[in-house]
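First the proteins, then the strands, lettered A, B, ... as listed; each starts at 1.
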2 protein chains.
Amino acid sequence: MTATGTRAAEADRVFAALANSTRREVLRLLRDGGPQPVQALADHFDMRRPSLSEHLKVLREAGLVSEQRNGRQRIYRLEAAPLADVQDWLHPYERFWRERLTGLGALLDRMPDDEPA
Amino acid sequence: MTATGTRAAEADRVFAALANSTRREVLRLLRDGGPQPVQALADHFDMRRPSLSEHLKVLREAGLVSEQRNGRQRIYRLEAAPLADVQDWLHPYERFWRERLTGLGALLDRMPDDEPA
DNA sequence: ACGATACGTAGGACTTTCCCTACGCGTCAA
DNA sequence: TTGACGCGTAGGGAAAGTCCTACGTATCGT
């Protein structure tokens, strides 16, 4: 847990940060290319650099990247901990797509006999 | 893949749908309580029913729930396929939190010697 | 056929997101 | 010290998100 806000608010931030293809692409670049300064990242996008800076801020506040200052550069690094949290969040849903694959769960799912009032 | 839009736009919709605690709670209710009509879901929230209807629309357009009409009710059901897609999206990042746990990857990660220009 | 029930949609108010241009601050090279 | 470089922030405008209160539509019981 970080210092900021409730658990739900933090999940909000992480999912919202991921809900943008530019930001997901930044994560991929950091994953495949290692830690990089802003300019190197910005080269991949058809967007002004200040706009990318704002995307980086969103990623920072979600805990998905960290920055390390190096002279006049800021080296951004992928921080995967929130992604591990996402995976944990997914676990209770796993059986739903596993069942679906076997076909049995899908059938049972179509015939619910334990609905709430 | 659904019929609508590009791959990235679809990921946008799924992550954006998940970036709201009300909608995540709806998914949890459908997961733990099985398919349910709108009113049963709405009882759990401090929110007017039309607002919840809009949340359900967001979930529907992300493919995370489906509806089945039953008389004047609409039974909502969890659809986990987009969540399986999320898990697939996460896979290439897994090594980052596994490495972190061993400590070795973390150290190597702090000493990047293959940075791009 | 009538009213009640279950739900969606329309339209409005407010907030947030996402892009831009302009500018400020620290760092490096000469 | 001066100018260029690397980057963040301020402020603005268009669009989208999130809640609300009406209201419309289909279905059920009587």
## Note on the structure
So salt bridge (Lys or Arg N to Asp or Glu O under 4.0 Å) across residues 33-45 of chain B, not counting sequence neighbours, yields none

### Task
With sequence neighbours left out, write down each residue that passes side-chain hydrogen bond (donor to acceptor under 3.5 Å, both in side chains) with Gln73(B), or none if nothing qualifies.
none

### Task
List in chain and number order the residues that pass side-chain hydrogen bond (donor to acceptor under 3.5 Å, both in side chains) with Asp32(B), two or more places apart in sequence or in another chain; answer none if no residue qualifies.
Arg28(B)

### Query
Knowing that exactly one of Val65(B), Leu30(B), Leu18(B) qualifies, which makes a side chain to side chain contact (heavy atoms under 4.5 Å, CB included) with Leu59(B)?
Val65(B)

### Query
First and last nucleotide of DNA chain C in contact with chain B, 5' to 3', at under 4.0 Å to a heavy atom: what are they?
dA4(C) to dG11(C)

### Summary
Protein heavy-atom contacts under 4.0 Å, written 5' to 3' over nucleotides 1-11 of chain D as B (base), S (sugar-phosphate only) or - (none), form the string ---BBSBBB-B

### Query
More 5' along DNA chain C: Met47(A) or Gly71(A), using each one's nearest nucleotide?
Met47(A)

### Summary
Sorted by chain and number, sequence neighbours left out, side-chain contact (heavy atoms from CB on, under 4.5 Å) with Ala81(B) holds for none

### Summary
Applying side-chain contact (heavy atoms from CB on, under 4.5 Å) to Asp85(B) and not counting sequence neighbours gives Asp88(B)

### Query
Whole Å only: how far is the CG atom of Asp46(B) from the C1' atom of dC19(D)?
12 Å

### Message
Any side-chain to backbone donor/acceptor pair from Gln36(B) onto Leu29(B)? Under 3.5 Å, distance only.
### Response
yes

## Note on the structure
residues 47-65 of chain B vs salt bridge (Lys or Arg N to Asp or Glu O under 4.0 Å), sequence neighbours excluded, gives Arg60(B)-Glu67(B)

### Message
Any side-chain N or O of His55(B) below 4.0 angstrom from OP1/OP2 of dG17(D)?
### Response
no

### Length of the CG-P vector between Leu52(B) and dG17(D), whole Å
17 Å

## Note on the structure
Applying side-chain contact (heavy atoms from CB on, under 4.5 Å) to Ala19(A) and not counting sequence neighbours gives Phe15(B), Ala16(B)

#### Entry: Residues within residues 15-23 of chain B bordering DNA chain D, heavy-atom distance below 4.0 Å
Asn20(B), Arg23(B)

### Sequence-distant partners of Asn20(A), side-chain contact (heavy atoms from CB on, under 4.5 Å), two or more places apart
Thr22(A), Arg23(A), His55(A)

